[in-house]
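Quantities reported herein were computed from a predicted structural model and do not represent experimental measurements.
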Amino acid sequence: MKPGNDIDTSQVDGNASPEIKHSVLGVLQSMRRSTGKPSSSLENKIASRLKLTEASTLSKTEEPEKFEGRVVIQVIVDEELLNIAQNMHGGCTAMIIDICSTMPIYVLGASTSGHGEFGVSQSLNIVYHSPALLGDKLRVVSTTLALGSRALSSRCEVWNVTRHRLVASAVHIKMVPSQPKASESAKL
């Protein structure tokens, strides 16, 4: 889905081009809808809470001649994200990580090769460190680890800005799927 021209990139920090910021905001906007109208799916509900605050391509600290993508997204924990114990549900945390950790992969690819890739998930490994409570402001910081021709990876940390604690950390492995061959689809 093409993002609309009404997307404002001026509130997004970082050195990514306005076009790349526009694309990332457009993806978030498209997740909030289903065929152009509001939807009540979990992805739609969670994406509607996410606010992109930074999109950058930076030199890696360990290898300054190489680059990494970095995306920062904020979200406020509200009642729909809570579990029965009144903490943010681990499944909601996983969905937020899945969405957010994909974004720096796109940013780095679009910035360095002119072609951003979202890929499909192969694995998402999450460690939960502390609970997030109703009203807590979370800062989700995602950076790329490696971008290959087929394998893509990123790491993600969910920080509780309100309580100054790490909520969760994750490593996300994605892949670029191959296109099905005409003969393969005929066999189905």
Give a yes or no on whether the backbone of Ser101 and the side-chain of Ser154 come within a donor-acceptor separation of less than 3.5 Å. yes
Which pair of non-hydrogen atoms, one from Glu79 and one from Leu134, has the smallest distance, and what is that distance? N-CD1, 3.5 Å
In terms of hydrophobic clustering (I, L, V, M, F, W, Y; side-chain heavy atoms under 4.5 Å; direct or indirect links), are Leu145 and Val141 co-clustered? no
Can you tell if the side chain of Leu133 reaches within under 4.5 Å of the side chain of Arg163, non-hydrogen atoms only? yes
May I ask you to decide if His22's main-chain N or O and Thr9's side chain share a donor-acceptor pair within less than 3.5 Å? no
Correct closest heavy-atom pair for Tyr128 and Gly90 would be OH-O, 2.9 Å
Test item: Thr162 side-chain N/O and Lys137 main-chain N/O as donor-acceptor pair under 3.5 Å: yes
Does one hydrophobic cluster hold both Leu124 and Val158, with members joined at side-chain heavy-atom distances below 4.5 Å? yes
Could you grab the distance from atom CZ of Arg155 to atom CG of Asn125, nearest 0.5 Å is fine? 14.5 Å
Which heavy atom in Val71 sits nearest to a heavy atom in Ile73, and how many Å separate them? CG1-CG1, 3.9 Å
Using the side-chain contact (heavy atoms from CB on, under 4.5 Å) rule, take Met88 and Leu138 through it: C-alpha gap first, then chi angles, then the decisive distance, then the call. CA-CA 11 Å; Met88 187 162 81; Leu138 305 180; 3.6 Å; yes
Side chains of Arg150 and Ser178: does their closest heavy-atom pair fall under 4.5 Å? yes
Would you check if there is a donor-acceptor pair between the side chains of Ser56 and Glu54 at a distance under 3.5 Å? yes
Donor-acceptor check, side chain of Asp136 to backbone of Val161, threshold 3.5 angstrom: yes or no? no
Can you tell me how far the NE2 atom of His164 sits from the CH2 atom of Trp159, to the nearest 0.5 Å? 11.5 Å
Applying the side chain to side chain donor-acceptor pair (under 3.5 Å) test to His172, which of Ser121, Ser153, Ser123 qualifies? Ser121
Can you tell me how far the CD1 atom of Ile126 sits from the OG1 atom of Thr93, to the nearest 0.5 Å? 7.5 Å
Got a second to check how far Ser59's OG is from Lys66's NZ, nearest 0.5 Å? 12.5 Å
Any chance you could lay out the side-chain contact (heavy atoms from CB on, under 4.5 Å) test for Thr57 and Val107, step after step, and finish with the verdict? CA-CA 7 Å; Thr57 302; Val107 168; 3.9 Å; yes
How close do Ser169 and His129 get, heavy atom to heavy atom, and via which atoms? OG-NE2, 2.8 Å
Run the numbers on Val77 and Asn87 for side-chain contact (heavy atoms from CB on, under 4.5 Å), then give the verdict. CA-CA 9 Å; Val77 178; Asn87 301 318; over 6 Å; no
Shortest non-hydrogen contact between Ile76 and Gly135, atoms and distance: CG2-O, 3.9 Å
Checking side-chain contact (heavy atoms from CB on, under 4.5 Å) for the pair Val27/Phe118: CA distance, chi angles, key distance, verdict? CA-CA 10 Å; Val27 168; Phe118 291 102; 3.4 Å; yes
In Å, rounded to the nearest 0.5 Å, how long is the span from CD1 of Ile99 to CG of Leu28? 7.5 Å
Quick one, Leu81 and Ile46 - any side-chain contact, counting heavy atoms below 4.5 Å? yes
Please check this pair: side chain of Thr144 against backbone of Glu68, looking for a donor-acceptor N/O pair closer than 3.5 Å. no
First locate atom NZ of Lys21, then atom CG of Leu52, and finally report the distance between them rounded to the nearest 0.5 Å. 8.5 Å
Ile173, Ile97: one ILVMFWY side-chain cluster at the under-4.5 Å cut-off? no
Does the side chain of Val72 come within less than 4.5 Å of Arg139's, by heavy atoms? yes
Without hydrogens or angle criteria, can the side chains of Thr143 and Arg70 be said to hold a donor-acceptor pair below 3.5 Å? no
Report the hydrophobic cluster partners of Val176, with the cluster defined as I, L, V, M, F, W, Y residues connected by side-chain heavy atoms closer than 4.5 angstrom, directly or transitively. Phe67, Ile105, Leu108, Leu147, Leu152
